[in-house]
Amino acid sequence: MGAPLNDVHIKTDAPSTLFLDKHADYIASYSAKKDDYEYCMTEYLRMSGVYWGITAMDLTGSLTRMDRESILEFMRHCQHDCGGIGASQGHDPHLLYTLSAVQILTLFDNLNTIDLEKVVEYIRSLQQKDGSFAGDKWGEVDTRFSFCAVATLALLGRLDAIRMEEAVTFVLSCMNFDGGFGCRPGSESHAGQVYCCVGFLTIVGRLHLVNADLLGWWLCERQLPSGGLNGRPEKLPDVCYSWWVLASLRMLGRLCWIDSKRLRTFILACQDEETGGFADRPGDVVGAVDCIRSKTTIQYKNCFPYLYIYSYLSKPCLQVDLFHTLFGLAGLSLLGETQLKPVNPVLCLPEETIQRLGLHLQLLN
Amino acid sequence: MHGRVKVKTSAEQAETKRKEREKKLKLYQVASAAAASKRANGEFDKEALEITQNILEQNPDIASLWNFRREILLFWEKDRQEEVQEVLSLELPFLESCLRVNPKSYGAWHHRAWVLVHAKHTDWAKELRLCGAFLQKDERNFHCWDHRRFVVQHAGIPDTDELEYTSQLISTNFSNYSAWHYRSCLLPRIYPDPEQKGRVAEDQLLKEYELAQNAFFTDPSDQSAWFYHRWLLGRAEIEDAITCVYVSKPLQTVLVSFSKPVNLRNEEDEAVLFVDSRPFPSKWQVPDKRSTFSHVWVCKLPPGLLEGETLQHCLHVSWKDGRLKKECLLYPGSKESWCQDSATDQKLFSLELSIEKSSVLRAEMDSCRQLLDLEPENKWCLLTCILLSRVLDPLGHASKTLTWFKKLLAVDPLRTGYYKDLRSKYQVEDGLLCMEYAETRVLHLARKELTSLFHLDLMVLVTHLDVSGNCLHVLPLAMSCLQCLQVLHADDNEIEDIEGVRNLPVLQDVCLKNNRLAHLSQLQPLTSCCRLVSVELGGNLVENLPDFYTHLHELLTHTRPV
Ligand SMILES: [Zn+2]
């Protein structure tokens with residue numbers, strides 16, 4: 001027989017209501033504890049961390065609790081001469097953090113904090129001959145970076161700056177037998193990459209090139225009996241994968257292909273009622289564990305697209321972080337949670353922000 | 001087993017932990033500062049390599065530190081060639097230990113690839129063995145699979161060897177989705193179908209059917225083999241084609257529809273309309289006035305162009321530099337005319353699956369029904385039976401298909417939405433086929449449990465559409481394809497959005513009784529239908545609004561809503 005079902009069990013006493021204020025408290029306290037182990041160890045992805053924090057905070061309607069001025073001040077030190085933006089001062093520029101930075105500044109309506117013309121130039125410089133994008137000057141190519149490139153340019157209203165036809169051709173060359181997408185041509189489908197590629201095609205107005213029925217089927221098969229969604233067949237459910245899958249289905253106009261009530265139950269069960277914040281999954285794991293629970297002092301969550309160092313604990317436990325807090329909240333928002341602001345499934349920013357920009361993204365209906 | 005329930009620790013434990021963390025953090029911060037200062041001062045020395053190595057061993061995803069290491073090596077390349085090669089060879093075991101701690105680090109895998117191409121004497125065979133070892137530990141690690149493909153390319157390993165590797169993996173574990181995926185990439189390269197690009201030649205295809213069947217007869221609940229089987233059944237590429245040309249004299253318009261969404265405003269995709277053999281400078285528009293790509297395009301003709309009751313007119317559309325074309329003749333005295341491809345002739349609805357010899361598909365059907373006898377509640381098998389019956393004989397299997405759907409909905413409630421939409425799609429296809437056989441322009445889709453409307457681009461000629469008594473929530477934007485629609489029955493649904501009736505130029509009668517229209521604003525799309533004669537809205541909440549009919553009259557000044 002095949003592999004046992006990988007899933008989690010949701011206990012009857014697991015949280016089942018949204019702890020809205022607790023989450024805002026968690027985010028506020030996270031950024032206040034700058035000497036914390038976890039805070040320091042995640043400096044290499046700080047720019048994305050800030051994006052997760054302020055977007056989550058804005059979705060809860062408490063953006064004013066974030067120290068806007070100090071964030072903007074921090075950002076002034078992260079742009080390099082090439083135009084690209086690094087995760088933090090002293091870290092090299094990369095498309096991942098360039099997108100995060102532009103998302104933050106869009107949300108704050110403060111794009112002029114950085115040199116935008118240079119950002120555009122940086123993105124243009126990373127497009128390869130075959131239309132793909134390297135993440136930085138070291139040349140790692142991935143469809144994640146195709147998404148970062150067009151998402152950033154769309155927010156800046158500069159989609160004309162790159163060779164679009166070639167960019168589309170490259171993304172399509174990563175389409176697989178199951179209708180999904182991988183990192184590069186020949187790579188296996190993965191919900192995170194699917195999100196990037198479907199998002200890419202939405203932004204550039206080519207969503208009709210996806211086989212929506214086939215891919216939608218693969219995506220809705222990610223839902224497990226616990227209600228959570230995994231990122232690939234046979235994997236464990238995870239709050240962040242729930243977002244990648246859900247947002248992709250939303251773009252494809254097929255959100256109703258999964259059971260929203262059950263997914264909502266799963267996401268809510270990932271909350272920490274004491275501290276606020278969301279973990280990757282609720283307590284008890286049924287099948288084999290996919291993540292590395294290393295025997296060393298550091299533990300990792302292998303989440304797309306980041307490796308997230310989260311703890312120094314001798315025993316594994318429900319451990320919340322900013323990343324899963326954003327995607328937990330964003331997922332609930334897409335499912336229609338009225339206590340949260342509506343979120344845009346393509347750019348993972350509040351819908352009102354996208355509307356303020358006047359950005360029109362045509363989803364399938 | 002890892003239970004990860006939150007553990008409440010005693011104050012004492014917490015304190016020990018805090019101290020350990022503090023120590024660890026100090027070390028990390030000191031090392032990071034040292035690396036940063038070395039980099040800033042251009043001290044590209046051995047010590048810098050040691051410091052960065054110590055940090056990366058703990059956290060291999062600090063990209064800037066890998067970048068620094070590469071900078072050092074590139075800097076040495078000018079006059080310390082030998083040392084570079086030595087470091088590169090030591091880099092491999094170091095990376096291996098990083099990857100053992102975290103086999104999913106993007107940074108470490110990328111650096112490894114960089115080292116392998118920069119080293120002078122890379123042992124690719126050894127690297128392939130390393131991939132094998134890592135995949136043995138985790139057969140689904142997609143980073144390692146990608147690395148393997150990179151190694152294979154550099155080592156010049158033939159595709160057939162890799163196919164053999166996937167066969168081995170699958171024979172030990174049928175659930176290895178990654179291996180099935182790899183097969184789907186390799187097979188069309190090794191055994192290309194001479195006729196269909198990206199597909200597998202028939203001999204080999206039959207062997208693959210057997211492999212997949214072996215897998216799902218062994219474990220019928222294993223999704224990997226079923227997804228693979230779905231791919232084998234395949235879908236042929238839809239070919240570019242003009243599927244319909246329609247002309248209306250009273251509306252002074254020509255409509256063209258295509259087999260897939262196109263952008264006629266794109267220079268390469270330009271379509272030229274000839275009226276009576278003269279090219280007409282056409283300005284093509286999409287019916288929904290929004291989309292960039294569309295199946296259907298409309299062109300307004302200037303008044304007078306089709307004048308003359310006694311004259312015959314020829315409308316000819318030429319596309320892709322004349323390689324594709326279609327024309328229709330407007331006879332003297334007639335108001336409209338069209339030329340449309342038949343859905344049956346095009347095997348439009350079997351395009352989901354390939355046009356394999358039907359004997360092959362029939363054999364697949366037999367196997368699946370055998371399995372279904374053994375496993376009557378297996379959702380994968382039920383779905384496959386439905387798919388196959390759709391290709392073999394949709395109308396003949398109609399009632400059986402519905403029974404299977406019922407069963408599917410019962411055994412897999414999580415995917416209710418998917419199954420219901422799929423059933424709706426098939427119901428629409430059957431409706432279209434029946435309409436075609438009856439040679440009418442009236443499409444009956446009432447009381448079919450429809451949750452969504454599909455194939456709207458194939459309804460361009462439909463004049464009467466009945467979708468009443470279904471479970472529709474929206475009349476979608478894509479309904480704007482129905483440019484000939486005069487009568488729409490959509491009562492007894494759950495409709496709250498009627499955006500789809502916007503810009504339907506000849507729509508006269510709309511029946512929307514017993515739906516979920518609650519606000520006047522939801523009726524706004526009706527204002528764009530300039531030939532509207534009657535609208536029925538009984539049984540909607542909107543009817544209870546004070547002075548509703550007065551407001552409605554204001555909204556639709558040119559109509560007489562009932
Ligand atoms: Zn996660």
Side-chain angles (χ1 to χ4, degrees), chain A residues 1-3 37 40-41 44 86 90-92 94 138 140 176-178 182-184 186-190 205-206 208 216-218 220-221 223 225 232-234 254 256-259 262 272 283-285 289 292-294 296-298 300 302 305-307 309 312-318 362 365, chain B residues 1-7 17 20-21 24-25 28-29 36 58-59 61-64 67 70 101-106 110 114 140 142 145-146 149 173-175 177-178 181 184-185 219 221-224 227-228 231 235 260-261 290-293 413-418 421 474 476-478:
Chain A
M1 295 297 275
Y37 180 79
C40 296
M41 290 305 276
Y44 71 94
H91 285 261
D92 295 350
H94 197 284
W138 295 100
E140 186 188 3
N176 288 321
F177 80 112
D178 46 25
C183 308
R184 287 177 286 279
S187 306
E188 182 183 340
S189 298
H190 175 295
R206 306 292 172 90
H208 63 276
W217 176 49
W218 187 85
C220 76
E221 281 294 342
Q223 189 164 35
R232 289 191 289 157
E234 323 284 358
R254 282 154 175 81
C256 60
W257 285 10
I258 53 127
D259 186 326
R262 298 279 281 277
D272 187 321
D284 300 345
V285 173
V289 174
I292 297 306
R293 303 288 169 217
S294 83
T296 61
T297 45
I298 292 178
Y300 305 98
N302 281 301
Y306 301 95
L307 171 75
I309 290 208
Y312 173 60
L313 294 169
S314 49
K315 269 188 192 155
C317 74
L318 184 100
Q362 177 91 54
N365 64 7
Chain B
M1 177 89 53
H2 301 254
R4 297 197 307 123
V5 189
K6 178 135 184 161
V7 187
K17 221 171 273 172
E20 270 177 78
R21 281 177 123 175
K24 199 100 199 157
L25 183 57
Y28 166 74
Q29 283 172 325
Q58 290 290 319
N59 185 350
D61 253 29
I62 306 180
S64 304
N67 297 347
R70 287 191 284 265
V101 176
N102 195 315
K104 296 184 178 175
S105 162
Y106 285 98
H110 177 243
W114 188 89
R140 299 292 308 287
F142 71 87
W145 274 107
D146 283 346
R149 283 182 273 268
N173 178 12
F174 281 132
S175 310
Y177 193 86
S178 306
H181 158 78
S184 80
C185 300
D219 179 5
S221 63
D222 175 43
Q223 54 182 316
S224 301
F227 275 112
Y228 189 71
W231 173 70
R235 52 194 184 287
K260 30 180 151 169
R290 282 193 216 177
S291 303
T292 315
F293 287 81
L414 277 182
R415 273 152 285 273
T416 299
Y418 169 62
D421 272 1
V474 283
L477 197 60

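The chains referred to below are lettered A, B, ... by the order of the sequence lines, with proteins before strands, and numbering in each begins at 1.
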* **Leading residue by heavy atom contact count with chain A [cutoff under 4.5 Å; candidates G417(B), P261(B), S64(B)]** =>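 Highest number of pairs under 4.5 Å: S64(B).
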* To do: Heavy atoms only, distances under 4.5 angstrom: which of K260(B), Q223(B), R415(B) has the most pairs with chain A? Name it, please.
  =>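 Ranked by contacts with chain A, first place is R415(B).
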* Among Y177(B), W231(B), Y228(B), side-chain hydrogen bond (donor to acceptor under 3.5 Å, both in side chains) partner for D178(A) ->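 Per the side-chain hydrogen bond (donor to acceptor under 3.5 Å, both in side chains) rule, the option paired with D178(A) is Y177(B), out of Y177(B), W231(B), Y228(B).
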* Asked: Which bit of Q223(A) is near chain B, if near means a heavy-atom gap under 4.5 Å: side chain, backbone, both or neither?
  ->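 Contact with chain B: backbone and side chain both.
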* To do: Heavy-atom distances under 4.5 Å only: say whether H208(A) touches chain B with side chain, backbone, both or neither.
  =>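 The side chain, not the backbone.
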* Would you name the heavy atoms of C40(A) and Y28(B) that are closest together and state the gap between them? =>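 Here C40(A) and Y28(B) meet closest at O-CE2, 3.8 Å.
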* To do: For residues E188(A) and R140(B), determine if any side-chain heavy atom of one lies less than 4.5 Å from a side-chain heavy atom of the other.
  =>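 Of all side-chain heavy-atom pairs linking R140(B) with E188(A), at least one is under 4.5 Å.
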* **Heavy-atom side-chain proximity of L477(B) to Q362(A) below 4.5 angstrom** =>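 Side-chain contact under 4.5 Å: yes.
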* Ion pair present between D421(B) and R254(A), side-chain N to carboxylate O less than 4.0 angstrom? ->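 So D421(B) does not pair with R254(A) through a salt bridge.
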* Short question: side chain of R149(B), backbone of G186(A) - any donor-acceptor pair under 3.5 Å? -> yes
* Under 4.5 Å heavy-atom distance to chain A, tell me which part of S178(B) shows up: side chain, backbone, both or neither. =>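 The answer is both parts of S178(B).
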* Mind telling me whether F227(B) and W217(A) have parallel, tilted or perpendicular rings, with 30° and 60° as the class edges? => tilted
